[in-house]
Structure formats: C-alpha cells, structure tokens
Amino acid sequence: MAIPSVSLAILLLALQFLLAWDPRATTVTAIRSGGLPQKAGAAGSGASDRPECNGRWIYIRELPSRFNTDLLATCDDFPILFEIREQPEKSIIPFLANHGLGPRTHNRSRSWYRTEPLFLELFFHRRMLEYPCLTADPVAADAIFVPYYTGLAALPFLYSPAQWNFSALHGRDLAKWLIRRDRPAIWSRFGGHDHFLAVAGFASDFDNDPAQTPLWGTAFLGLPEFYNLTVFTLESRAWSLQEHAVPPPTSFHPANLARLDAWLARARRSRRPTLMLFAGGAAPGSGRPNVVSSIHAECEVRRDLCELVDCSGGVCIHDPARFMRPMLRARFCLQPPGETPTRRSTFDGILAGCIPVFFEEASAASQFGWHLPRRRYDEFSVLIPKEEVMLGRQRIADVLEAIPPARVRRMREAVLELAPGVMYRRHGSSAALRARKDAIDLAIEGALRRIQRRVRAMQQGKDALLLVGDNEEGWDE
C-alpha cells in the first residue's frame, strides 16, 4: 500500500531496519550456534552448569515474520490513529530506531529517547533475546515467550474502517499456529498456561466477545484459546483474567549503571520550589464535573503553588523535555484518571522523584503490583478521593501543604528507590546495570511466579485460573 504522507527516505530507513534485524532469525541463529545459554535437555549444557537458571529457563517460540517484524512496515497505514492522538508527527516509522526505543532526543543524549509506546512489543522482544536463561528445548523450559506484536496486529481492526466488522479475527491465526500447526505438543503440555507475551495497549481494548460486533476494540483476550495465557498489558481490567499491568515505557533508557546513578543523583539534589504539578491535556469542555477540570481550576487560582504543563495535541508523547524539567522542580505530581484509570505520567514523575498524587486506587494500586508494591503505597504516594476534590470538600494544595517536610523527603526517597524498577534499560547494557532489575526483569519474574503456581496447581488437579490475583505481587516472598 502506498503511504503518501511518508517520505521515501523514511520508508528506506524502515526497510533498512527490517533487513538489518529480524528477531526471529537472530533467535534461531543464536540458539543453533550455541550463542544462547541452554538448559539440560538442550544440546551442550547440563543443569549443574547454570544453577542460577533453575526455575527460570525460557523458550522463545519461533513465529513466522507475519506475526511480528512484517507488521512494522504497516505502522503508518492508519491515518485515523494520528487524528485520534492529535500528535504533531504523521508517521511513527522514525520511532523504530534503536530497536523500538526511538531516536535520541538530541545528538548528545546518551539515555533519553523519543519512545513510541506502540513499540513496547518490539523492544521487549529485543530484550528477551538477551535473557540469560534461554533454552533451545521447549520441554525443558519453565516458561515460553510468544514474540507476537499484538498491539501492532490490532491496528487495522482499531483504525481501519474496512476492518472494524472483523475485529473478532484478531489473534485467531496465531491461535491456529500455536495450537495446531507448529508442534502442538508445546502448547498442549500445559494448555498454554506456561506461555506469556507482551501487549502494547490496554487490556480493555482487547477484551470483546468474539461472538459480537463491538463498537471498539478486538477480541484477542476474549478468545477461549488464550484464556490461559499470561499477558503483560499497559493497563489491566478491573477483573483481570490473563493480564498483569506493566509500566508504560518512559523515554529514559540508560545503557550503564553510571548513567542511571547520575540521573537519580540529579533528581535527589533538584531544588523543588513548586508544590504540585499537572502534566496533561486541557480540561474537558463537557461541563460535567470531573477531577481534571477541578485540578485545572485550582491551579489557575493557585499559580504560586501549582504548575500546569500543557500536553494538548499530543506534543508530549515524544518530547520528554516538555514535562521532565518541570517535574524535577515539583514536589508532587498530580495523576488523575482520564479516559482510562492509569497515566504514563505516573512513571515519568517517579523517574523525576516527583511524589505521585492519585485520586482513585484504580490509577495504580490495583494495577502494577509487580513494580509498585501495594503494601508500600502510603510510603511513596498520596491518595485524595476524587469525589472530595470535585465536590469542593478538599483542596489539593491544602492536603499536600499539610504533609510535614520530613515526611515529604522520606516519600521522595521511596519514590527514587522504585525508579530503577519502572524504567526500561537499553538493550546491550552493562553487566552492572543488568544486576539492577528494571521493568522487564520484574515482569519476567512475575510471569515465572504466576506460571509456576499455575503449573503446580494443574499437577495437583486444581483449577489453575482460580489462582489469578492471589498473592501474585511477590514482594513478600
């Protein structure tokens, strides 16, 4: 399909990217050459050789390129996507750079990138190729990763009117491939309970009934074949079955420990004259009460205490300087729910040492248990019920000013302690930085715990799905 809005140079850049790096080919070649660690049962290794991998071995399913890298060439085929996001760029192909991390924010940048959230699946796949406990033997694996670019495969069903009536087809071809065509015994051994994948999107966009024609979304999570999958999404449903929320990717992707430590030191010593900050779009004009409008109204009359960062028109999506500098100056970052409960801004603020202020538990406490321990929320965040703000019973500034300075300092330190675990480090990073668990490391650990509990339940004759959400955070284990 011709893409008139994209220059020939950009298309050539995308093709060079695709030709230069095929994750599937890289995985197969590396395994066959012995370049990836292997488990007992795979050629060339024994369990005693890698005791640190016990219970952590992962096999990567080999998928046809139509399920992943071929999808990258179609990213700009959906102009409705750019209209809805109101972003200034009319092409996301340039953001394929650096294996999906995006181009650097400027020539001298070493850790900051213009990251496109839709490419989470791409750089997650890239990072999985570096996982230290890969095995070539699926029978020997403790978990199996499926490198399907779910969010990219959904684009035609979400943003192409000709495909809206066929959204129930999303994922069916993958299900046939995994379950019937490609060595069915891999899937049938545990009925898919040991498989996991990443989705660059909210679970609510993929949870339709396959038997109905929806107004929006696809039926990927609604397919019975995938009920047993463990799925990483950028936001989970209120009653999640398969998915667990992981942090949306920020723009900070350091390659070594010195750069991470330097940034955290900057955030610690930053002067913070601003009490509170809100980075987001303009207040909704519906006239109905909502917490975002209340925040705007309070900030307009308390400019001495509150800073507004206008992200209207999608100008903040790929430009972290617009909001990170103000966040470094603020003590508290307001994180109200919008069209969905969660906000990427929460994690931008955590990296800046800006204490998050939530207005409902669904915005974080019920979402990111593998990365933000629920039992510690009082230590690093503030919760002000949105109804209290909307009805005028509480002023946000009054609540925050009443917190003693010593407690504010402790909360900021707790925020910065969590920061390494919510960022996505760059692929090919140093050994010292790899020793610090980032968002992908914590997600994989969480998936392994969930899968091991499910497999154990199956072996004991129990219903594995009943275990979902039951003490899965892992912080107390």
Side-chain angles (χ1 to χ4, degrees), residues 80-92 94-95 101-106 109 112-120 200-202 205 234-235 247-253 267 270 272 274-286 290-300 302-303 305-360 363-364 367 381 386 389 396 415 422-424:
I80 294 178
L81 168 64
F82 303 107
E83 294 174 13
I84 291 176
R85 295 172 74 172
E86 298 181 336
Q87 66 184 59
E89 304 93 352
K90 299 308 177 186
S91 171
I92 58 174
F95 301 99
L101 297 184
R104 299 181 189 274
T105 52
H106 53 83
S109 173
W112 292 91
Y113 299 80
R114 302 188 188 279
T115 301
E116 165 55 51
L118 273 174
F119 295 145
L120 167 71
F202 299 158
D205 291 336
L234 300 182
E235 181 179 286
T250 67
S251 297
F252 182 58
H253 310 288
S270 181
R272 299 180 185 267
T274 305
L275 174 66
M276 59 188 191
L277 172 143
F278 173 65
S286 64
N290 63 80
V291 68
V292 174
S293 295
S294 299
I295 287 172
H296 275 267
E298 182 170 342
C299 286
E300 289 294 340
R302 299 301 303 270
R303 290 181 177 272
L305 298 175
C306 182
E307 181 174 357
L308 291 172
V309 177
D310 186 6
C311 289
S312 301
V315 296
C316 293
I317 295 177
H318 303 129
D319 189 1
R322 285 181 178 268
F323 51 84
M324 290 304 293
R325 289 192 180 101
M327 284 179 171
L328 287 169
R329 298 193 298 264
R331 282 165 271 171
F332 296 92
C333 283
L334 309 183
Q335 307 296 352
E339 294 180 359
T340 63
T342 64
R343 295 169 56 85
R344 167 185 153 173
S345 173
T346 297
F347 300 94
D348 295 317
I350 287 175
L351 288 173
C354 190
I355 301 165
V357 180
F358 300 115
F359 298 87
E360 61 179 29
S363 292
Q367 293 280 343
S381 70
K386 62 183 179 183
V389 175
I396 302 169
V415 165
V422 303
M423 64 93 182
Y424 293 79

Inset, instruction - Might you work through the side-chain contact (heavy atoms from CB on, under 4.5 Å) test for Phe252 and Met324, ending with a clear yes or no? - result: CA-CA 10 Å; Phe252 182 58; Met324 290 304 293; over 6 Å; no
Inset, instruction - Could you please spell out the steps behind the side-chain contact (heavy atoms from CB on, under 4.5 Å) verdict for Leu118 and Leu81? - result: CA-CA 11 Å; Leu118 273 174; Leu81 168 64; 4.0 Å; yes
Inset, instruction - With ring-ring contact (aromatic ring centres under 6.0 Å, His included) as the test, would you mind laying out the steps for His318 and Tyr113 before giving the verdict? - result: CA-CA 8 Å; His318 303 129; Tyr113 299 80; over 10 Å; no
Inset, instruction - Could you go through the side-chain contact (heavy atoms from CB on, under 4.5 Å) check for Met423 and Ile350 one step at a time? - result: CA-CA 9 Å; Met423 64 93 182; Ile350 287 175; over 6 Å; no
Legend entry - side-chain hydrogen bond (donor to acceptor under 3.5 Å, both in side chains) assessment of Thr342 paired with Gln367: CA-CA 8 Å; Thr342 64; Gln367 293 280 343; 5.6 Å; no
Inset, instruction - Check the pair Asp319 / Arg114 against side-chain contact (heavy atoms from CB on, under 4.5 Å), numbers first and verdict last. - result: CA-CA 6 Å; Asp319 189 1; Arg114 302 188 188 279; 3.8 Å; yes
Inset, instruction - Take Asp348 and Ser345 through the test side-chain hydrogen bond (donor to acceptor under 3.5 Å, both in side chains) and record every step on the way to the result. - result: CA-CA 5 Å; Asp348 295 317; Ser345 173; 5.1 Å; no
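Of the possible donor and acceptor atoms, one in the side chain of Tyr424 sits under 3.5 Å from a partner among the backbone N and O of Pro247. Side-chain N or O atoms of Arg329 include none that pairs as donor or acceptor with a backbone N or O of Thr274 at under 3.5 Å. Judged purely by atom type and a 3.5 angstrom limit, Arg272 has no side-chain atom pairing as donor or acceptor with the backbone of Phe332. For Ser251 (side chain) and Pro320 (main-chain N/O), no donor-acceptor pair under 3.5 Å exists by modelled atom type. Distance alone, capped at 3.5 Å, places no donor-acceptor pair between the Glu360 side chain and the Lys386 backbone. At distances below 3.5 Å, not a single donor-acceptor pair connects side-chain atoms of Arg344 with backbone N or O atoms of Pro248.
Partners of Cys333 under the side-chain contact (heavy atoms from CB on, under 4.5 Å) rule, at least two apart in sequence or in another chain, are Leu277, Met327, Gln335, Cys354. Under the side-chain contact (heavy atoms from CB on, under 4.5 Å) criterion, Asp310 pairs with Ser312, sequence neighbours left out. Qualifying side-chain contact (heavy atoms from CB on, under 4.5 Å) partners for Ser294, counting only residues two or more places apart in sequence or in other chains: Val389, Met390.
Residues Phe359 and Ile396 are in side-chain contact: their nearest non-hydrogen atoms beyond the backbone lie under 4.5 Å apart. Here the side chains of Ile92 and Phe119 are in contact, with some heavy-atom distance below 4.5 Å. Using a 4.5 Å heavy-atom threshold, the side chains of Pro341 and Glu235 count as touching. Looking only at side-chain heavy atoms (C-beta outward), Val415 and Pro356 come within less than 4.5 Å of each other. Here the side chains of His106 and Ser109 are in contact, with some heavy-atom distance below 4.5 Å. Leu101 places none of its side-chain heavy atoms less than 4.5 Å from the side chain of Phe95. A 4.5 Å side-chain heavy-atom check between Thr115 and His253 finds at least one atom pair inside the cut-off.
Of all non-hydrogen atoms in Phe278 and Leu334, the two that sit nearest each other are CD1-O, 3.6 Å. The shortest non-hydrogen separation linking Leu234 to Pro249 is CD2-CD, 4.2 Å. The two residues Pro103 and Pro94 have their closest heavy-atom pair at CD-O, 3.6 Å. Nearest heavy-atom pair across Gly353 and Ala267 is N-CB, 4.4 Å. In terms of heavy-atom proximity, Leu328 sits nearest to Ser270 at O-OG, 2.6 Å.
Separation of atoms CZ (Arg322) and SG (Cys311) is listed at 8.0 Å; rounding is to 0.5 Å. Atom CG of Asn290 sits about 9.0 Å away from atom NE2 of His296, to the nearest 0.5 Å. From Glu116, atom CD reaches atom CD1 of Ile317 across 7.0 Å, with rounding to the nearest 0.5 Å. Residue Glu298 holds its CD atom at 10.5 Å from CG of Leu308, rounded to the nearest 0.5 Å. With rounding to the nearest 0.5 Å, the separation of CD in Glu307 from CZ in Phe323 is 13.5 Å.
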